[in-house]
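Notes follow once the structure below has been shown.
Numbers restart at 1 for each chain; the letters A, B, ... are given by sequence-line order, proteins then strands.
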Protein chains: 2
Amino acid sequence: MDETPATPIARPSLHDTIVNRIRSMIYDGDLKPGEKVPEKMLCETLGISRTPLREALKVLASEGTLELLPNRGARVARLTAEDVDEMFPVMGALEGLSGELACAKATDADIAELRALHYQMALHHTRAERAEYFAINQKIHEKIMAVAGNDLLVTMYEGLAGRIRRARYISSITSGRWDEAMAEHEEILAALEARDAPRLAAILKGHLRNKCEAVKEVLRSDGKSDEAAA
Amino acid sequence: MDETPATPIARPSLHDTIVNRIRSMIYDGDLKPGEKVPEKMLCETLGISRTPLREALKVLASEGTLELLPNRGARVARLTAEDVDEMFPVMGALEGLSGELACAKATDADIAELRALHYQMALHHTRAERAEYFAINQKIHEKIMAVAGNDLLVTMYEGLAGRIRRARYISSITSGRWDEAMAEHEEILAALEARDAPRLAAILKGHLRNKCEAVKEVLRSDGKSDEAAA
DNA sequence: AACCGGAATTATGCATACAATTTTTTAGCA
DNA sequence: TGCTAAAAAATTGTATGCATAATTCCGGTT
């Protein structure tokens with residue numbers, strides 16, 4: 001009979017659902033960094049037994065989303081400044097790669113779409129509409145990733161970006177840094193339109209510095225309130 | 001009381017042991033790609049119950065080492081040419097980053113150590129001692145990673161390298177490509193000694209191409225025998 | 001003889017139960 | 001009153017058992 005080992009039929013298994021559910025709880029702030037997460041509590045919240053829950057906890061721990069202390073339960077991983085300092089260079093390398101690949105693979109339609117997003121974002125920038133700006137900003141970077149056409153790259157980048165996203169750094173960007181970021185985006189678009197891979201890679205790589213500083217800023221101010229909670 | 005939330009005490013938990021044990025079984029070839037892995041069998045082999053085993057399987061699946069088919073058990077993930085084509089650019093970006101960071105952080109002692117390894121490897125090259133060459137080759141890349149001083153980078157790179165390592169590509173490198181790789185290593189050492197970060201990054205990035213081709217070569221020839229086993 | 005359909009078997013998914021470790025409470029003592 | 005220690009409670013780690021889905025095997029049919 002004809003086996004299909006290459007296409008294992010991706011059905012939405014209950015298990016991934018739990019993992020994603022807990023991840024969302026963490027990203028949405030229902031579970032706060034440093035907070036202890038008793039299994040019993042999560043079981044009741046999610047209406048499941050401990051067995052599948054614990055399987056999910058193990059997966060989340062291997063992703064770095066949770067910390068698992070032997071015999072002492074799970075806690076939401078706290079994002080330290082050291083973590084951030086390690087994460088951003090890696091994200092920079094990955095995002096740089098996305099730029100390189102995107103230059104090679106982008107169709108004219110892709111570039112047109114990015115151009116549209118860019119100018120829409122620029123509009124939000126001039127209007128000082130933070131939330132809207134950041135929403136489009138994220139879309140642009142996701143689009144570049146998508147154009148790069150490397151699923152592994154997307155997975156790894158999203159894994160890191162997700163961990164960062166908990167720190168709501170949006171509000172903390174200064175207007176000076178914001179202008180700078182917007183200027184960098186002009187260069188991003190220009191490099192992409194010129195399909196200048198090395199240049200785009202370099203810009204994207206450096207572009208993250210703004211984000212890095214903003215995140216660390218949040219950590220500094222936010223860390224204290226967390227201490228109190230713990 | 002003095003809490004220590006920053007230092008969660010890394011004791012060797014049983015779970016990680018199981019995960020590492022199964023990973024080793026896969027990397028060592030005890031479990032072959034595409035092979036179905038019945039839980040019962042592994043339970044008896046490892047002398048444990050299904051519960052902790054299943055937790056380990058979930059973790060390995062999230063790493064990409066295993067494929068988990070809902071209601072149909074686990075199988076060792078088969079490395080396809082497409083997978084390799086996605087993995088190598090990412091590994092290149094990560095290795096490039098390691099070079100950049102290493103240039104910035106390497107002490108003279110680090111460089112001396114790498115120089116020693118390099119010339120030892122060169123000797124094995126001239127003697128056509130494949131296994132010894134590759135052993136040192138790996139040590140060099142690991143050392144550069146270590147010097148870079150970014151644990152996350154190491155973790156992510158090792159995760160990918162581990163998946164590749166199953167394909168025993170060592171034997172398949174042609175002598176032409178081997179010479180090429182050795183020449184690149186000369187450049188690697190030179191760039192590091194000059195602490196030329198961009199150059200080292202670029203060389204390391206390109207250097208992987210040899211490895212990529214060798215791996216794909218193995219996959220082509222090796223895939224057929226796997227088919228028969230399945 | 002080959003193909004289709006259904007029962008028996010097997011394996012997986014989940015829940016519960018038991019064992020071991022940690023944390024908290026409480027009793028005893030200096 | 002404050003500290004130590006032991007016992008109780010709670011929580012995690014592991015094993016087992018039941019329910020469900022998938023695979024296999026067997027009999028019937030065309």
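When each of A:Val37 and B:Ile48 is assigned the nucleotide of DNA chain D with its nearest heavy atom, A:Val37 is the one assigned upstream, toward the 5' end. Residue-to-nucleotide proximity on DNA chain C shows that, of B:Thr51 and B:Pro38, the 5′-proximal contact is made by B:Pro38.
Atom CG of A:Leu94 and atom CE of A:Met87 lie 11.0 Å apart (nearest 0.5 Å). From B:Thr51, atom OG1 reaches atom CZ of A:Arg54 across 9.0 Å, with rounding to the nearest 0.5 Å.
Atoms CG (B:Leu53) and C1' (C:dT12) sit 12 Å apart, rounded to a whole Å. Atom pair A:Asn71:CG and D:dT14:C1' shows a separation of 11 Å (rounding to whole Å applied). Between the CD atom of A:Glu55 and the P atom of D:dG13 there is a distance of 14 Å, given to the nearest Å. If you measure from atom CG of A:Leu46 to atom P of C:dC14, you get 13 Å, rounded to the nearest angstrom. Distance B:Leu42 CG to C:dA11 C1': 14 Å, rounded to the nearest Å. For the pair B:Glu44 CD and D:dA15 C1', the interatomic distance rounds to 15 Å; values are reported in whole Å. The distance from atom CG of A:Leu14 to atom P of D:dT20 is 14 Å, rounded to the nearest whole Å. The distance from atom NZ of B:Lys40 to atom C1' of D:dG17 is 14 Å, rounded to the nearest whole Å.
The side chain of B:Arg54 contributes an N or O atom lying less than 4.0 Å from OP1 or OP2 of C:dG13.
Checking C:dG13, D:dA15, D:dG13 against the side-chain heavy atoms of B:Glu39 singles out C:dG13 as nearest. Taking only side-chain atoms of A:Ser49, from C-beta outward, the nucleotide of C:dT16, D:dT14, C:dT22 with the closest atom is C:dT16. Considering only the side chain of A:Arg72, C:dT23 comes nearest among D:dT23, D:dA15, C:dT23.
With respect to the salt-bridge test (charged N to carboxylate O, under 4.0 angstrom), the residues A:Glu100 and A:Lys205 do not qualify. A salt bridge does not link B:Lys211 with B:Glu95: none of the charged nitrogens is closer than 4.0 Å to a carboxylate oxygen.
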Discussion item. Please determine whether side chain to side chain donor-acceptor pair (under 3.5 Å) holds for the pair B:Glu217 and B:Tyr169, giving the CA-CA distance in whole Å, both sets of side-chain angles, and the decisive distance to 0.1 Å.
Written reply: CA-CA 8 Å; B:Glu217 188 66 33; B:Tyr169 57 88; over 6 Å; no
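Side chain A:Arg50 to base D:dG13: a donor-acceptor pair is found below 3.5 Å.
A:His15 comes within 4.0 angstrom of nothing in the nucleic acid, heavy atoms only.
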